[in-house]
Amino acid sequence: EPEVTQTPSHQVTQMGQEVILRCVPISNHLYFYWYRQILGQKVEFLVSFYNNEISEKSEIFDDQFSVERPDGSNFTLKIRSTKLEDSAMYFCASSEAQRVEAFFGQGTRLTVV
Amino acid sequence: GIQVEQSPPDLILQEGANSTLRCNFSDSVNNLQWFHQIPWGQLINLFYIPSGTKQNGRLSATTVATERYSLLYISSSQTTDSGVYFCAVVVWNFNKFYFGSGTKLNVKP
């Protein structure tokens, strides 16, 4: 069964460093998303991406964040200068179309120290 | 924005018991999914159920979109059912999930 895969599963980084979280969405999907879950809290939307551009972003997704689809298979989330409060689980998701079933990856746990 | 409320927030069951988890939402939706998550783990798709009823083994779900709620039934619970169950909805004209706060289930042997 096709699945969304994310790497790495866990990353520890120093405050102020740049991190890139990687995702391989399901191959025939056209819509891609990043969500974040701070420990013990609900899952929050960060950004959606379609046709090589951001279609929507939340207020959390400030200038420190960027997304890219560098090739036909990968979808990345970059955090330019990490802060302690960026520590969270980051989930990538993809869907064939808008407002249909979305599939989530296994997550990347980011720890900023 | 839309409010997604899940109840109960915490649930402790003895293995073999049945349970019903509820998700209420404050606006019309065109997508609703239920997920299961173990701590710091993957969001596992349980059901894509914007309306109607579905069953998968010991789990079933019902969404009554006109009354803005969904129910997740777990029958004959097992310790492996422990974790957090999230309901997430997509509102008309948007293409992002709003998640509830989850129901934390602990099934004891």
Side-chain angles (χ1 to χ4, degrees), chain A residues 1-11 23 26 29-51 53-61 87-111, chain B residues 1-7 9-10 21 23-52 54 56 61 63 65 70 83-106:
Chain A
E1 184 176 320
E3 59 181 13
V4 177
T5 56
Q6 291 184 240
T7 54
S9 56
H10 188 193
Q11 179 152 0
C23 169
I26 294 172
H29 285 188
L30 301 176
Y31 291 82
F32 315 116
Y33 316 86
W34 284 101
Y35 287 80
R36 179 180 85 173
Q37 184 185 32
I38 294 172
L39 180 62
Q41 298 186 21
K42 65 171 72 174
V43 180
E44 303 171 287
F45 170 78
L46 290 178
V47 65
S48 58
F49 192 86
Y50 169 71
N51 201 25
E53 60 183 28
I54 290 173
S55 46
E56 187 174 357
K57 60 183 180 178
S58 72
E59 57 194 26
I60 302 168
F61 194 88
S87 295
M89 194 78 164
Y90 288 81
F91 291 103
C92 174
S94 70
S95 62
E96 283 183 345
Q98 293 190 76
R99 298 183 279 276
V100 299
E101 186 174 15
F103 295 84
F104 283 71
Q106 78 277 25
T108 292
R109 181 177 169 185
L110 177 65
T111 302
Chain B
I2 187 171
Q3 303 299 312
V4 182
E5 296 177 355
Q6 292 187 241
S7 59
D10 294 279
L21 283 55
C23 173
N24 292 334
F25 41 94
S26 61
D27 205 342
S28 298
V29 301
N30 56 21
N31 182 1
L32 187 146
Q33 291 185 228
W34 283 97
F35 299 91
H36 178 216
Q37 184 185 40
I38 57 174
W40 286 116
Q42 185 176 2
L43 289 166
I44 298 169
N45 275 24
L46 296 177
F47 293 102
Y48 165 64
I49 187 162
S51 64
K54 289 186 178 178
N56 184 4
T63 298
S70 183
V84 182
Y85 289 81
F86 288 103
C87 164
V89 303
V90 176
V91 183
W92 288 100
N93 297 325
F94 289 91
N95 188 31
K96 61 184 176 184
F97 279 108
Y98 292 88
F99 279 76
S101 298
T103 290
K104 186 175 179 182
L105 175 64
N106 185 5

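Throughout, a chain's letter reflects where its sequence line sits, starting with A, and its residues are numbered from 1. Treat the numbers as computed from the prediction; the structure is a model and nothing was measured.
By number of non-hydrogen pairs under 4.5 angstrom with chain B, the leading residue of Gly105(A), Gly107(A), Ser48(A) is Gly105(A). Between chain A and the options Asn30(B), Val4(B), Leu32(B), Ile44(B), the largest number of non-hydrogen pairs under 4.5 Å is found for Asn30(B). Of all the listed residues (Lys42(A), Met89(A), Arg109(A)), the one sharing the greatest number of non-hydrogen pairs under 4.5 Å with chain B is Arg109(A). Interface check for chain B: of the options Gln106(A), Gln98(A), Arg99(A), the most heavy-atom pairs under 4.5 Å are formed by Arg99(A). Interface remark: of the candidates Leu43(B), Val29(B), Val84(B), Leu43(B) forms the most heavy-atom pairs closer than 4.5 Å to chain A.
Only the side chain of Asn45(B) comes within less than 4.5 Å of a heavy atom of chain A; its backbone N, CA, C and O stay farther away. Heavy atoms closer than 4.5 Å to chain A are found in the backbone of Val91(B), but not in its side chain. Contacts between Ala102(A) and chain B at a heavy-atom distance below 4.5 Å involve backbone atoms as well as side-chain atoms. Contacts of Tyr31(A) with chain B are made by side-chain atoms alone, with heavy-atom separations under 4.5 Å and no backbone atom involved. For Glu56(A), the part sitting under 4.5 Å from any heavy atom of chain B is the side chain, from C-beta outward, and nothing else. In this structure, the portion of Phe35(B) lying under 4.5 Å from any heavy atom of chain A is its side chain and not its backbone. For a residue to count as touching a neighbouring chain, one of its non-hydrogen atoms must lie under 4.5 Å from one of that chain's; by this rule Phe91(A) touches chain B with the side chain only.
Taking the side chain as every heavy atom from C-beta outward, Leu46(B) and Tyr85(B) approach each other to under 4.5 Å. By the 4.5 Å heavy-atom criterion applied to side chains, Leu105(B) and Leu21(B) are not counted as neighbours. Looking at Val4(A) and Cys23(A), their side chains come closer than 4.5 Å, going by heavy atoms from C-beta outward.
Residues that satisfy the side-chain hydrogen bond (donor to acceptor under 3.5 Å, both in side chains) test with Gln11(A), not counting sequence neighbours, are absent from this structure.
Relative orientation of the Phe45(A) and Tyr35(A) rings is perpendicular, given thresholds of 30° and 60° on the angle between their planes.
Not a single donor-acceptor pair under 3.5 Å links the side chain of Ser51(B) to the backbone N or O of Ala65(B).
Phe86(B) and Gln6(B) get closest at one heavy-atom pair: CA-OE1, 3.5 Å. The shortest heavy-atom contact between Ser94(A) and Ile26(A) is OG-N, 3.4 Å.
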